[in-house]
Each structure stands twice: as structure tokens, then as C-alpha cells.
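Notes to accompany the following structure.
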Amino acid sequence: MHSQTSPTKVKWCFVMENTIKVICYGVGVIGGKIAKAILKKKGITIVGAVDVAKEKVGKDLGEVLGLDKKLGVTVTDDPEELFSNIEADIVVHCTSSYLHQVYPQIIQCVKAGLNVVSTCEELSFPFDKYPELASRIDKLALDYGVTVLGTGINPGYLMDTLSIVLTAPCLRVDHIEVTRMMNSAKRRIPFQKKIGTGLTKEEFIEKMKNKIITGHVGLYESISMIAAALGWKLDRIEEFDPEPVIADRDLETPYTKVPKGHVAGLKSIAKGYMNEKEVIVLNFVAYAHVPEEYDEIIIKGEPNIHEKIIGGVHGDIGTVAMVVNAIPKVLNAEPGLLTMKDIALPSAAVEDMRIYVA
Ligand SMILES: NC(=O)c1ccc[n+]([C@@H]2O[C@H](COP(=O)([O-])OP(=O)(O)OC[C@H]3O[C@@H](n4cnc5c(N)ncnc54)[C@H](OP(=O)(O)O)[C@@H]3O)[C@@H](O)[C@H]2O)c1
């Protein structure tokens, strides 16, 4: 858990005349969309970009983003060198879902005195699965006086933060069930790929088994975050193998054609138990042309609460917004490895970004 030790440094000293300076670390589909969103905002600017993809390294970021102008920022695969030459306030980090993979990248940013907002799913609540790595990041962030946050639409908001906020008017909470039902055909190609779109059932099972595709990552983290917010000590978290959803007719997505009988997407379920009783259930369902899209949270307690977002929240737009909107919250936050339940109440930052920074 986040250490309560006092920071050894003053974290950030904001000067209103300055713009917030961002380094984009990972400019794939989501990192690229975040960079474009930042370019449209006032009071914030991109001063550096890191990526390892051969086709991006050495090119101007404007070209990598498909813009018709240069931005004067060259994509580098050498973050160490960039950090030593460029002054920045925060890194927006979008490279991988797994903490052991991103750990050295996060550490590098922290050691350069940079705050971090990352879309790494396992960073959104790493204290249960990776207590040692989490505590090392937290300690280092405290030492360097910076904040590290993992966020996104899910994990980061729809299944965890929103559930937590919805419990606020409850005197008692007995059970929480969250369902995300989404049309994966509207999502970015890496997402459609990782949920097995277009594969045969046998290919899906084989690729999941060999971790060539991952399905959704983050149900474990969302359950851990809800439990931590409620002070629940869970006996265990059970994550079931994702089940393929088979197309009942020929389907088409911007990624691929899905013949009838092939995989249109998947269903993933995870459950948290306390005193041998199921207390949290998360249902993640994503497949091409799902008949109804929604995000639903059902809380049983005193009182019962039932919230449903009709039409659901678009995952990619939502992730981009969660990250951009988190930037001022992170700059304002105390140092350390924080989670969405620790930072200020999430909200949109629609005006000049500087006004949100204390
Ligand atoms: N929490 C959430 O709600 C949420 C939502 C959306 C996405 N995500 C996660 O965010 C991550 C990025 O998503 P995406 O769709 O943008 O993936 P992507 O298109 O594959 O982009 C990742 C980019 O990072 C580069 N990269 C990989 N390792 C790197 C390293 N060590 N240093 C610098 N660059 C590196 C990749 O290069 P190569 O292609 O050469 O590897 C690629 O260009 C994924 O893990 C995704 O699951 C989370």
C-alpha cells in the first residue's frame, strides 16, 4: 500500500506563465491519440516522444501522428538521453499492460524526476499482485518527489473508480456486480486483436494458452482497488479463463472479417471473495456487433444502487480523456505510487490545463 512517509522533496513548483510540458512515452494507437488530444489543449505542450517501433524512431512526431505539419519533436528510442536533455513535468506512458515489462521504464522516468501517468493496466493497482515492485516504485517516487499513476477507462474508471464512488451514499455494502458490454468492432485494432477477433475457437484457446493474445487485462486490479477502498480484506480473487464468443453470422469489423462460427470477441469474469462469500463480480464482455452496449453497476446494501450507462462509454476515447484529465490531478497530488482512489475526484479538464494545477 502507498507509504505514508513524508516526501523528501517539494514535488512541483508551478508557474502560471509556463505551459505544462509532457513527454509521450509510447506513441502507438492510444499514446498517439493522447498526443493528438494534448495538442488540441491550451496550457500544455509536448516536448519529447519515445517509442521503439522502427518505423517511428527518428521521425518527427507530427509525421508519426499522421498530421500535415511537423511538431519539432523527434521520436527517440533513447529515453535516458532525452530525459537528460529536455525539461518536462510529466510523462504520458502507453507501452504495455504488464508491470514487469514497464517497471524499468517507469523507474527511468521517476529517476529523471518526472511524474508519470500510465495506461499500464497492472500499474492501476499493483499492491496485491506485485507488492515488491509496487513498494519499490512508491519508495523511489517518494525519494524523487514525483507521482506515478496507472489509469485508463478500465481499469481506471468504469469498473473500479465509478463503483467506489457509487458506494459513497451507502451505509452498508454487501455485494457489487459490474458489467461492461461493448461492441469491440468500434475499438482500436490492437484491442480487437488481443480479444481474438476473427480467430477460430481452437486458435483462440491456443493463443490465449500461449499468451500470444491476452484478452482484457485489469479485472484483478479493479477488484483489488474496490476492496481496498471499502477496507475489505478479500480471501481470494478468482479470474476465470476468457471464453470466446462465437459469431452467429458473418461479421465485419475495421480490423477483419469474422466468418460465422469464428470468434467475434470474448467474455471474462473475475470474482472477489470475503469470508468465503462472493462480494465482487466483474463481467467484461466485448465482441463485434454486440446487440446492446452498456456499463452497469449493481450494488446490494443499504440502500441498493443500480446505475446503467446506456450505450456504454467508448473505451478508446475514454482512455485518452482519463489520461489527459489525470495530468493536472497528478501534478497536484502528493508524491508516491498512487491509484485512482487516492488522487483528487476525477473530472474533465476542458479549459486551459494550467488552471487545474494548484
Ligand atoms: N487502462 C486502460 O483502460 C487502457 C486502455 C487502452 C489501452 N491500454 C493499454 O495501453 C497500452 C498501449 O496501448 P496501444 O493500443 O497504444 O498499444 P500499441 O498500439 O501496441 O502501442 C504501444 C507502443 O509502444 C511501443 N513500445 C513498446 N515497448 C516500448 C518501450 N520499451 N519503449 C518505448 N516504446 C515501446 C510499441 O512499439 P512496438 O509496436 O514496436 O512494440 C508501440 O509503438 C497497452 O498495454 C494497452 O493494453 C490500457
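Every number for a ligand or one of its atoms is a count from 1 in the order of the listing.
- Qualifying side chain to side chain contact (heavy atoms under 4.5 Å, CB included) partners for Val217, counting only residues two or more places apart in sequence or in other chains: Ser97, Tyr98, Glu121, Glu122, Thr214.
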For residues 251-263, which side-chain N or O atoms pair as donor and acceptor with protein atoms under 3.5 Å away, sequence neighbours left out?
{"residue": "Thr253", "atom": "OG1", "partner": "Gln192", "partner atom": "OE1", "Å": "2.6"}
{"residue": "Thr253", "atom": "OG1", "partner": "Tyr255", "partner atom": "N", "Å": "2.9"}
{"residue": "Thr253", "atom": "OG1", "partner": "Thr256", "partner atom": "N", "Å": "3.1"}
{"residue": "Thr253", "atom": "OG1", "partner": "Thr256", "partner atom": "O", "Å": "3.4"}
{"residue": "His262", "atom": "ND1", "partner": "Gly198", "partner atom": "O", "Å": "3.1"}

Write none if no such pair exists; otherwise list each N/O atom of ligand 1 with its protein N/O partner under 3.5 Å and the distance.
{"residue": "ligand 1", "atom": "1 (N)", "partner": "Pro155", "partner atom": "O", "Å": "3.3"}
{"residue": "ligand 1", "atom": "3 (O)", "partner": "Ile153", "partner atom": "N", "Å": "3.0"}
{"residue": "ligand 1", "atom": "3 (O)", "partner": "Asn154", "partner atom": "N", "Å": "2.9"}
{"residue": "ligand 1", "atom": "3 (O)", "partner": "Asn154", "partner atom": "O", "Å": "3.3"}
{"residue": "ligand 1", "atom": "10 (O)", "partner": "Thr119", "partner atom": "OG1", "Å": "2.8"}
{"residue": "ligand 1", "atom": "15 (O)", "partner": "Arg188", "partner atom": "NE", "Å": "2.7"}
{"residue": "ligand 1", "atom": "16 (O)", "partner": "Val29", "partner atom": "N", "Å": "3.2"}
{"residue": "ligand 1", "atom": "16 (O)", "partner": "Ile30", "partner atom": "N", "Å": "2.7"}
{"residue": "ligand 1", "atom": "19 (O)", "partner": "Val29", "partner atom": "N", "Å": "3.0"}
{"residue": "ligand 1", "atom": "31 (N)", "partner": "Gln105", "partner atom": "NE2", "Å": "2.9"}
{"residue": "ligand 1", "atom": "34 (N)", "partner": "Val52", "partner atom": "N", "Å": "3.3"}
{"residue": "ligand 1", "atom": "37 (O)", "partner": "Asp51", "partner atom": "OD1", "Å": "3.3"}
{"residue": "ligand 1", "atom": "43 (O)", "partner": "Asp51", "partner atom": "OD1", "Å": "2.9"}
{"residue": "ligand 1", "atom": "43 (O)", "partner": "Asp51", "partner atom": "OD2", "Å": "2.9"}
{"residue": "ligand 1", "atom": "43 (O)", "partner": "Lys56", "partner atom": "NZ", "Å": "2.8"}
{"residue": "ligand 1", "atom": "45 (O)", "partner": "Ser97", "partner atom": "N", "Å": "3.0"}
{"residue": "ligand 1", "atom": "45 (O)", "partner": "Ser97", "partner atom": "OG", "Å": "2.8"}
{"residue": "ligand 1", "atom": "47 (O)", "partner": "Ser97", "partner atom": "OG", "Å": "3.0"}
{"residue": "ligand 1", "atom": "47 (O)", "partner": "Glu121", "partner atom": "OE1", "Å": "3.4"}
{"residue": "ligand 1", "atom": "47 (O)", "partner": "Glu121", "partner atom": "OE2", "Å": "2.7"}
{"residue": "ligand 1", "atom": "47 (O)", "partner": "Lys194", "partner atom": "NZ", "Å": "3.0"}

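- In this structure the side chain of Ile34 never reaches within 4.5 angstrom of the side chain of Val27, judged on heavy atoms.
- Remark: Glu292 engages Lys308 in a salt bridge (Lys or Arg N to Asp or Glu O under 4.0 Å) (not counting sequence neighbours).
- By the 4.5 Å heavy-atom criterion applied to side chains, Leu123 and Val148 are counted as neighbours.
- Ring-plane geometry between Phe284 and Phe191 is classed as perpendicular, the angle between the planes exceeding 60 degrees on a 0 to 90 degree scale with a lower cut at 30.
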